[in-house]
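Working notes for the structure below.
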Amino acid sequence: MPNLIDIAQRLAERPMVALLHEERCLPERDLGSTCTRCAEACPVDAIAVGLERDTEASPAAAYGSVAKNGPAGPRIDDDACVRCGRCVTACPTAALLAIAPLDDDALLEASVRAGAAAAKRAAGFAAEEAEGQGDSIGTRDAEAQVEAPQAAVAPACAGFACERAVRAGHIDAERTVALPCLAWVDEALIVHMARAGARRILLLTAPCASCEHAKAVVDLPKTVRSAQRILDTWQLDAAASIVETVDDVAASEDEDAAGEVSRRGLFSQARSALVEAATDAASAQMDALTGRSATDAPAPEPDRRRWQLLDDLHAAGLPAGDAVVPRALAPRVDIDPERCSGCALCAGFCLTKALRKAGKAPGGRTLLEFDAALCRDCGTCTDTCRYGAISREETLTVSELFALEPRAIVIPKRRVLPSRR
């Protein structure tokens, strides 16, 4: 029997980074799938997909972060993993679910705290400036007393930084989310920080140039551009950008002690979360050995960040003119009835159930439904179709994204067509 104390100690030192939601994993659902995006994104080759690394030199047993039984999906070598989070954000179907202390809820909460701290700081500066202006302008009207300082005060700044940057720089911990790597950041975290009050959202990449794991953040500019498109579409007064200096999120001289204490508290919280995660993992090991089921331990929620992103955007109000939403949110999925064979395999293989069967239509045809809010734009439907009948285009409108009812798609009765592939 394994020594559970040793298991707990090992997990505290090298905690698991993610769990696998097998129903969403392309290789798990389809043995013919060639999806290896998590492995391709990993900067240290710590991920094995299928049987490609089942050798004596690198046994399958070493890949233990992803809890699974089947041989097809990904496994993560805990010892090689650097906790950069790139596999989690690279997965097109959100099949890799991050666990504590870097789970979605924790990162979303940290983004809110940083954004709110930035807004509070900016409001404090505005009040001080207004008071100073009020003393100097004497008899000017009250409206001018308010407007002048607001124009002079810098917008609320908050950001994300890796732990190396936090340790090396004089960074205000209250306005900065410290992460093992910036690869954990996606559009949902950026928009969530903006909704909390941040007007400038900075991703500090100063250490990336010298980092041996820099491959993990090669797509970071794309993520920032995508987040900015979303902010602009919803006309949110916020700007996201990549910076190499800490000037805008630096702690002032009188905030130094508070910043250091907050930073130590942040890492202390992380260590506490690791110990708790290790205890839970050891308990799960015991349950597995004794045949008990841990029904009281809730599993991580797929698409947690996505639902928060959609909630944030809905709460911000729908943009005027029924604008087209950026592709990062969802595409429009259409099926050409002239090319469709009616097999409905696209709906059968859809991992998120965004495209699903809904019954029969007149004339023996099949009725499908497309729910844009569930779509991850993973491409499974188009890859499945042998006839090239499915298209995914950036033409979905805001009203369609937030529609209460899914869109109906009628496909022909099952028939044989010459393959177009």
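Just the heavy atoms: all of them, side chains too, but no hydrogens, waters or symmetry mates, feed the values below.
- Across every non-hydrogen atom of Arg83 and Trp184, the tightest pair is O-NE1, 3.0 Å.
- Shown here for Ile390 and Cys381, the closest heavy-atom pair between the two residues is CD1-O, 3.4 Å.
- The shortest side-chain heavy-atom distance between Arg356 and Asp371 falls under the 4.5 Å cut-off.
- For the pair Ser341 (side chain) and Leu417 (backbone), a donor-acceptor distance under 3.5 Å is absent.
- Considering only heavy atoms from C-beta on, Leu26 comes within 4.5 Å of Leu351 through its side chain.
- For Lys215, the NZ atom sits in a packed shell: over 12 heavy atoms of surrounding residues, nucleotides or ligands are nearer than 6.0 Å.
- Using modelled atom types, no side-chain atom of Asp219 and backbone atom of Lys222 make a donor-acceptor pair closer than 3.5 Å.
- Looking at Arg175 and Cys157, their side chains come closer than 4.5 Å, going by heavy atoms from C-beta outward.
- Note that SG of Cys208 and NE2 of His213 are 11.5 Å apart. Values are rounded to the nearest 0.5 Å.
- The side-chain heavy atoms of Val324 and Arg332, taken from C-beta on, include no pair separated by under 4.5 Å.
- Proximity of Cys346 to Ile335: side-chain heavy atoms (C-beta onward) are separated by under 4.5 Å at one or more points.
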Subject >> Worked check of side-chain contact (heavy atoms from CB on, under 4.5 Å) between Gln308 and Asp312 >> reply: CA-CA 6 Å; Gln308 184 60 63; Asp312 284 337; 3.0 Å; yes
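- Rounded to the nearest 0.5 Å, atoms CG (Asp232) and CZ (Arg225) are 13.5 Å apart.
- Residues Asp303 and Leu374 form no side-chain contact, since every pair of their non-hydrogen atoms from C-beta on lies 4.5 Å or further apart.
- Once rounded to the nearest 0.5 Å, the distance linking CG of Leu107 with CG of Asp103 reads 6.5 Å.
- For the residue pair Asp322 and Ser399, a side-chain donor N or O sits within less than 3.5 Å of a side-chain acceptor on the partner.
- Once rounded to the nearest 0.5 Å, the distance linking CD of Glu187 with CG of Leu231 reads 10.0 Å.
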**OP:** Evaluate side-chain contact (heavy atoms from CB on, under 4.5 Å) for Arg392 paired with Arg327, printing each intermediate quantity in order.
**Re:** CA-CA 9 Å; Arg392 303 180 348 263; Arg327 182 72 174 261; 3.7 Å; yes
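- Using a 4.5 Å cut-off on side-chain heavy atoms (C-beta onward), Leu202 and Ser241 make contact.
- Two residues are said to be in side-chain contact when any heavy atoms from C-beta on lie closer than 4.5 Å; Leu313 and Phe402 meet this criterion.
- Of all the heavy atoms in Arg305 and Leu108, the pair that sits closest is CA-CD1, 4.4 Å.
- Remark: side-chain polar atoms of Arg121 are not paired, donor with acceptor, to backbone N or O of Ala156 under 3.5 angstrom.
- Distance check: Leu189 CG to Met193 CE gives 8.0 Å after rounding to the nearest 0.5 Å.
- A salt bridge links Arg229 and Glu394; the closest N-O separation between the charged side-chain nitrogens and carboxylate oxygens is under 4.0 Å.
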Original post:
Does the pair Arg164 and Ser210 meet the rule for a side-chain contact (heavy atoms from CB on, under 4.5 Å), with working shown?
Top reply: CA-CA 11 Å; Arg164 284 181 60 197; Ser210 60; 3.2 Å; yes
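- Shortest non-hydrogen contact noted between Pro74 and Cys38 is CB-SG, 3.8 Å.
- Listed for the Arg306 side chain is a donor-acceptor partner under 3.5 Å among the backbone atoms of Leu329.
- Across all their heavy atoms, Cys87 and Leu96 have their closest contact at O-CD1, 3.6 Å.
- Checked by atom type and distance alone, the side chain of Thr366 never pairs as donor or acceptor with a backbone atom of Lys413 at under 3.5 Å.
- Of the possible donor and acceptor atoms, one in the side chain of Arg339 sits under 3.5 Å from a partner among the backbone N and O of Gly388.
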**OP:** Begin from the C-alpha positions of Leu368 and Val410 and carry the test side-chain contact (heavy atoms from CB on, under 4.5 Å) through to its verdict.
**Re:** CA-CA 6 Å; Leu368 305 182; Val410 177; over 6 Å; no
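- In terms of heavy-atom proximity, Ala183 sits nearest to Ala216 at CB-O, 3.5 Å.
- Each of Leu220, Ile190, Leu204 was compared with Phe160 under the side chain to side chain contact (heavy atoms under 4.5 Å, CB included) criterion, and only Ile190 meets it.
- A salt bridge is defined here as a Lys NZ or Arg NE, NH1 or NH2 lying under 4.0 Å from an Asp or Glu carboxylate O, and Arg407 with Asp334 meets this definition.
- Summarising the geometry, atom CG belonging to Asp311 is positioned 9.5 Å from atom NE2 belonging to His192; distances are rounded to the nearest 0.5 Å.
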